[in-house]
Amino acid sequence: MAQAPQLFPFAEYWWFYAGFLVLVFALLALDLGVFHRKSHAVSMREAGAWTFVWVSLALVFNVGFYFFMRWRFAADARLTAHPGFDPLVASWNTALEFLAGYIVEYSLSIDNIFVFVVVLKYFAVPSEYQHRVLFFGILGALLSRGVFIALGAALLQFEWVIWLFGAFLVFTGVKMMTGGDDGPVEPHERAIIRYFRKHVPVTGGFHGQSFFVRDAGVLHANPLFIALLFLEMTDIVFAVDSVPAIFGLTSEPLVVFTSNIFAILGLRNLYFLLANAVDKFHFLKYGLGIVLVFVGLKMAVLNRLWGGHFPIGLSLGIIVGVIGVSIGLSLAFPRKAQEEP
């Protein structure tokens, strides 16, 4: 079977990446500069409304992306010259890949929210400043995800890397289901936090929403910055799992990048919505583990068994079904009081 053509080579679609980043930064500027210009505690009602907005934006983008691909692919002589290439089928499958990648990343984010809760509580970050910390955490995440995705796209040109990524996802999924809790998060024990505190003076308490303040003419870091630094560290670790998972669903870096970024954009409000209820989804780790195992097998084995590409529609159904069942079981069979952490 002939190898499928690359749909979005960077040399031809760099402008799409640039335009997408302009859109993302415009949305973030609108978010912080208009809707969250003044620091305030985010209510569950507000978080729910913003969660709906970010999810809706992702879905609207995917619909627009689908129609853009229908037009673009049909007019691309490079693609239409490829034997068996169907612009409509390619557009539909790519839109489903975006949706599957978005759902996987968004679902994995729920597991990451627990770390956010622990870190913000550990540093006693006031509720009115938490949105600001998470907002700037998103900016750092955009950079780290871009680096990881570019690196992954380059490495996946080699066959052995596909097998390695697939095996890693299977291992991570099994570990997630059987490893239990990783123990308490202790930011003060991390080397980079100790190094930073050793070389940069830190104020004894919070001084407004600024990350750095001057005290007696000397620049000090506000504890808000220490919390932000630790969140950036945890996001890098989180990206090691999530980026390969989406590459297991699509080989197109543009789809990985856009679906990943949209999921990250909604993470802040998902935190405020679920911060006090994340422990209720105690079966979710099993569902996420099964999804990671499935994606790893799809990446390394199933694609080959299905003649080069496992059906994305079936993949999406499995992912949504497993995650939906795990959430449903968590709600139907709540954790007993003695099992609460």
Is there a side chain to side chain contact (heavy atoms under 4.5 Å, CB included) between Leu288 and Ser107 once you walk through the steps?
-> CA-CA 7 Å; Leu288 293 175; Ser107 301; 3.6 Å; yes

Show your reasoning for whether side chain to side chain contact (heavy atoms under 4.5 Å, CB included) applies to Leu316 and Glu97.
-> CA-CA 8 Å; Leu316 181 60; Glu97 289 174 356; over 6 Å; no

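Between Leu265 and Leu28, the closest side-chain pair of non-hydrogen atoms falls below 4.5 Å. Under the 4.5 Å side-chain criterion, counting only non-hydrogen atoms from C-beta, Leu305 is not in contact with Phe310. Arg78 is listed as a side-chain neighbour of Pro9, based on a closest heavy-atom distance under 4.5 Å. With contacts defined as side-chain heavy-atom distances shorter than 4.5 Å, the pair Val325/Phe283 does not qualify. Taking the side chain as every heavy atom from C-beta outward, Met177 and Val293 approach each other to under 4.5 Å.
Residue Asn62 holds its CG atom at 12.5 Å from CG of Leu57, rounded to the nearest 0.5 Å. Leu254 CG to Met69 CE: the interatomic distance, rounded to the nearest 0.5 Å, is 9.0 Å. With rounding to the nearest 0.5 Å, the separation of CD1 in Ile290 from CD1 in Ile319 is 12.5 Å. Here the CG-CG distance, from Leu142 to Leu21, works out to 7.5 Å after rounding to the nearest 0.5 Å. To the nearest 0.5 angstrom, Ile103 atom CD1 is 10.5 Å from Ser259 atom OG. Of the inter-residue distances, the one linking Leu7 atom CG with Asn93 atom CG reads 9.5 Å to the nearest 0.5 angstrom.
Taking every heavy atom of both residues into account, Gly166 and Met299 meet most closely at N-SD, 3.9 Å. Nearest heavy atom pair, residue Phe165 against residue Pro244, reads CD2-CB, 4.0 Å. Closest non-hydrogen pair, Ile246 versus Gly101, comes out as CD1-O, 3.7 Å. Residues Ser315 and Leu249 approach most closely at CB-CD2, 4.5 Å, considering heavy atoms. Of all heavy-atom pairs spanning Leu228 and Phe136, the tightest one is CD1-C, 3.8 Å. Scanning all heavy atoms of the two residues, the minimum distance from Ala245 to Leu292 falls at CB-CD2, 3.9 Å.
For Phe10 and Tyr17, the ring centers sit closer than 6.0 Å to each other.
With sequence neighbours excluded, the residues forming a ring pair (Phe, Tyr, Trp, His ring centres under 6.0 Å) with Phe8 are Tyr13, Phe65, Phe73, listed by chain and number. Applying the ring pair (Phe, Tyr, Trp, His ring centres under 6.0 Å) rule to Tyr102 yields the partners Tyr106; only residues at least two apart in sequence or on another chain are considered.
Applying the 6.0 Å contact sphere to OH of Tyr286 captures no more than 12 heavy atoms from other residues, nucleotides or ligands. Around the CH2 atom of Trp160, the shell of radius 6.0 Å holds no more than 12 heavy atoms that belong to other residues, nucleotides or ligands.
Both Leu23 and Phe25 are members of a single hydrophobic cluster when ILVMFWY side chains are connected at heavy-atom separations under 4.5 Å. Both Leu151 and Leu164 belong to a common hydrophobic cluster when Ile, Leu, Val, Met, Phe, Trp and Tyr are linked at side-chain heavy-atom distances under 4.5 angstrom. Hydrophobic clustering keeps Leu88 apart from Phe85 (ILVMFWY residues linked when any side-chain heavy atoms are closer than 4.5 Å, directly or through intermediates). Neither Leu143 nor Val256 shares a network with the other; the hydrophobic side chains, linked directly or stepwise wherever heavy atoms of I, L, V, M, F, W or Y lie under 4.5 Å apart, form separate groups for each. Taking hydrophobic clusters as Ile, Leu, Val, Met, Phe, Trp and Tyr residues chained together by side-chain heavy-atom distances below 4.5 Å, Leu331 shares a cluster with Ile323.
Without hydrogens or angle criteria, Ser144 side chain to Ala141 main chain gives a donor-acceptor distance under 3.5 Å. With Thr250 contributing its side chain and Phe247 its backbone, the two residues share no donor-acceptor pair below 3.5 Å.
Partner of Glu105 under the side chain to side chain contact (heavy atoms under 4.5 Å, CB included) criterion, chosen from Val243, Ile261, Asn260: Asn260. A ring-ring contact (aromatic ring centres under 6.0 Å, His included) with Phe68 is found for one member of Phe61, Phe16, Phe98, Phe20 and no other, namely Phe16.
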